[in-house]
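Just so it is clear: chains get the letters A, B, ... in the order the sequence lines come, proteins before strands, and each one is counted from 1. From a predicted model like this one, the values you see are computed outputs, not experimental measurements.
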2 protein chains.
Amino acid sequence: MTTQEKILDTAIKLYNTHGISKITSRHIAAEMDISPGNLHYHFKHTEDIIKALYDRLVGEYNTFFRELELTEDVSFADLTNFAQASFKITTRYRIFFRSGVDIVMQIPAIRDNLHEIVTKRKTQLGFIFERLVHKGIFRNDLPPHIWPILVEQLFIIGDFWWAHNEITERLKGAKASAKYMELIEGLFTPYLAVKNKN
Amino acid sequence: MTTQEKILDTAIKLYNTHGISKITSRHIAAEMDISPGNLHYHFKHTEDIIKALYDRLVGEYNTFFRELELTEDVSFADLTNFAQASFKITTRYRIFFRSGVDIVMQIPAIRDNLHEIVTKRKTQLGFIFERLVHKGIFRNDLPPHIWPILVEQLFIIGDFWWAHNEITERLKGAKASAKYMELIEGLFTPYLAVKNKN
DNA sequence: TTTATTATAGAACAAATGTACTAATATTTT
DNA sequence: AAAATATTAGTACATTTGTTCTATAATAAA
């Protein structure tokens, strides 16, 4: 593993546990026993570390979405997989979803990219719903304008569940995962066609 | 208006527009043309300002909930009012909902209080739903375990909508309010009894 | 009106932080 | 092996930030 990768791994670990605002480049260097000078040789600016972590996050989302797009024949299980994959990613990079938009939005490279990626994800999930309605898995007696609303609800809960968990139950591991899935699945349950209610 | 109040007003204004992490006690003092020394005469620690703003936020929530509790005969309109009041409060203090739990959770006085207040709000909203089911406004053919889930979904979307808006459409004013209400109302629409679908 | 108090300004300090610089060491290329 | 390049440690510096200190000024109490 290269020093760069080690820095990123250490950074995300420290950020996730202590929060971005409390972790400085010196902390990261100290944690992995290298000098501050060395760290800034690999990442000139501390912001560049956060930027690199964001790129990792986006990369993981993209590879997952690419897989999903290949599946022409979307099934209900894909939706569950989607939620579970989202949970894993938001867990690994939970600092981005917990530290709010405050810090992240102040990094220009991220700010410029964020809107684009969220829009893309929304469109993709919208397609999945469309196909599931067509297949009769979701109800087809509803006005079409409800689907974008459902997609948005899914994203808000998916993205900010960790933040909410932090200020309420503080669940971890399997319990956290179960609660997350319960909330996400509960969101589209009312829209399932009657025959699929299981 | 006392200097203390002026400091809090200036602080929330600056925090809301620039984010907590970018605003220091010096910025606040400069914005209102007083000396740093004077500011720290009124608030010994910068954190105390955030703590005081949090107390304001909680206070506004409490006065609203107290009104609602007096209404013995809960109607559907109360639910909409509830959402609208929540929107106003989360807008006025949106920094707390945008800067994430990261900063806020590091202030002990807030951390200790936050869980309590969220739980209280959840219970109160749970009661409202219970009464609305009883009155036949919400469906009574559903398993009772779905109501806590719905309450939690409502709170996540209610609390973090501003954060989500920041990274997507960045709506403001009336448009923001309309979108917020659309998402919140869309959440409980599927649970309305058939006769109430209007 | 004198005295006490509260409020304010402005300078000063210490700690933290990002980052640049220098020299040494390791690694790769030729 | 020699030269070039990449990596590392350690130090140093400037800036920012929270906070304290001291001296005035304003206000309230006596």
Tell me the interatomic distance from A:Ile50, atom CD1, to C:dT17, atom C1', rounded to whole angstroms. 14 Å
Is any side-chain N or O of A:Ser25 closer than 4.0 Å to OP1 or OP2 of C:dG18? yes
Contact interval (first through last nucleotide) of DNA chain D with protein chain A, 4.0 Å heavy-atom: D:dA6 to D:dA12
In whole angstrom, what separates A:Asp48's CG from C:dG18's P? 12 Å
At under 4.0 Å between heavy atoms, what does A:Asp33 touch on the DNA or RNA strands: base, sugar-phosphate, or nothing? sugar-phosphate
Please report the distance, rounded to the nearest Å, between CE in B:Met32 and C1' in C:dA9. 14 Å
Please tell me if A:His27 has a side-chain N or O lying less than 4.0 Å from either OP1 or OP2 of C:dA16. no
Would you tell me if any nitrogen or oxygen in the side chain of A:His45 comes within less than 4.0 Å of OP1 or OP2 on C:dG18? no
Phosphate contact (C:dT17 OP1 or OP2) by A:Thr46 side-chain N/O below 4.0 Å: no
Run through A:Arg121, A:Arg94, A:Arg98 and flag the one making a salt bridge (Lys or Arg N to Asp or Glu O under 4.0 Å) with A:Asp159. A:Arg121
When the distance from NE2 of B:His42 to C1' of C:dT5 is rounded to whole Å, what number comes out? 13 Å
On DNA chain C, does the nearest nucleotide to A:Gly37 precede the nearest nucleotide to A:Thr24 from the 5' side, or the other way round? Give the residue. A:Thr24
In whole Å, what is the span from the NZ atom of B:Lys44 to the P atom of C:dT6? 16 Å
Which pairs, protein N/O on one side and nucleotides 12-14 of chain C N/O on the other, fall under 3.5 Å?
unit_1 : atom_1 : unit_2  : atom_2 : d
C:dA12 : N6     : B:Arg26 : NH2    : 3.4

Rounded to whole Å, CD of B:Gln4 lies from C1' of C:dA7 at a distance of 12 Å
Aromatic rings B:Phe160 and A:Phe160: how do their planes relate, parallel, tilted or perpendicular, breaks at 30° and 60°? parallel
Contact under 4.0 Å: B:Tyr41 side-chain N or O vs C:dT8 OP1/OP2: no
Whether B:Phe188 and B:Phe138 hold their rings parallel, tilted or perpendicular, with breakpoints at 30° and 60°: perpendicular
Looking at the rings of B:Trp162 and B:Phe97, which for Trp means the six-membered one, are their centres under 6.0 Å apart? no
So which atom in B:Ser25 and which in B:Thr46 form the shortest heavy-atom distance, rounded to 0.1 Å? CB-OG1, 3.7 Å
Return the CG to CD1 distance between B:Leu8 and B:Ile28, rounded to the nearest 0.5 Å. 9.0 Å
To check you understand the geometry: which heavy-atom pair defines the closest contact between B:Ile50 and B:Phe96, and what is its length? O-CZ, 3.7 Å
Separation of C:dA9 atom P from B:Ile28 atom CD1, nearest Å, is 15 Å
Tell me if a side-chain donor or acceptor on A:Asp48 pairs with a main-chain N or O of A:His45 at a distance below 3.5 Å. yes
Would you indicate, yes or no, if C:dA7 has its OP1 or OP2 atom less than 4.0 angstrom from a side-chain nitrogen or oxygen of B:Asn38? no
Please check if atom NE2 in A:His134 has more than 12 non-hydrogen atoms from other residues, nucleotides or ligands closer than 6.0 Å. no
Closest non-hydrogen atoms of A:Leu142 and A:Trp147, given as atom of the first, atom of the second and distance, are CD1-CZ2, 4.5 Å
